[in-house]
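The structure appears right after this line, and notes come after that.
We count residues from 1, following the sequence as given. As the structure is a prediction and not an experimental result, all values here were calculated from the model. Remember, it's 1-based here, ligands and their atoms both numbered in the order they're listed.
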Amino acid sequence: MINNNKAIFFDRDGTLIDIPKYKGFKPQSFQKLCQIYIKKDVVEVCAMLKKKYLLFLITNQPDVSRKLNSKINVENINSYLKRKLLLDKVAVCYSDDDKNFFRKPNPGMIIELKNKFKLDLKKSFVVGDRWRDINAGYNSNCKTILIDNNYNEKINRKPDFTVKKFKQILKYIDI
Ligand SMILES: [Mg+2]
């Protein structure tokens, strides 16, 4: 393992993998491993970032508590991504209760990883495609990068940086 205390916390759906887009609806997520595609440049960019940062996945998967998807489906996708992108750890929140400390925009998943890996969050980044990701980063003092997928959704806090394409995050993250 690399010896450092900086991390990048990636959201999953719409950030690392494509999502189905339905006009006028909120962003959805795919349910099964056979449906997903890792977005362009993600494998290469993660390999570069890995040299200087610990890489984490932090994902809300409320469909599990809503009984719309199974834990095993979620875990299959997550372990595939962990393997392909050499992630150091995956954190999932299955709750759909916004008061749950681990559900983004709350910072629970980030704080738990911070304690476990002794991270310096001021040197760390949250990368995501929705307001929940940006607020989770804000609520834990990380820098935030929004992947702007053109959703019809208001951003609640201004991200530190906004990009259209995944590989553009390299402009803002020191490697
Ligand atoms: Mg997302």
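- Coordination check, Asp13 versus the Mg ion (ligand 1): passed, since an N/O/S atom of the residue sits under 2.8 Å.
- Ile147 has its side chain within reach of Asn149: a pair of non-hydrogen atoms, C-beta onward, lies under 4.5 Å apart.
- In Asp129, the N, O or S atom that comes nearest to the Mg ion (ligand 1) is OD1.
- Atom OD2 is the N, O or S atom of Asp11 at the shortest distance from the Mg ion (ligand 1).
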Residue pair Asn139, Asn135: steps toward the side chain to side chain donor-acceptor pair (under 3.5 Å) verdict: CA-CA 6 Å; Asn139 290 332; Asn135 283 36; 5.9 Å; no
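- The side-chain tip of Lys71 points at the ring of Tyr94 from less than 6.0 angstrom away and within 45° of straight on.
- The aromatic ring centres of Phe56 and Phe117 sit less than 6.0 Å apart.
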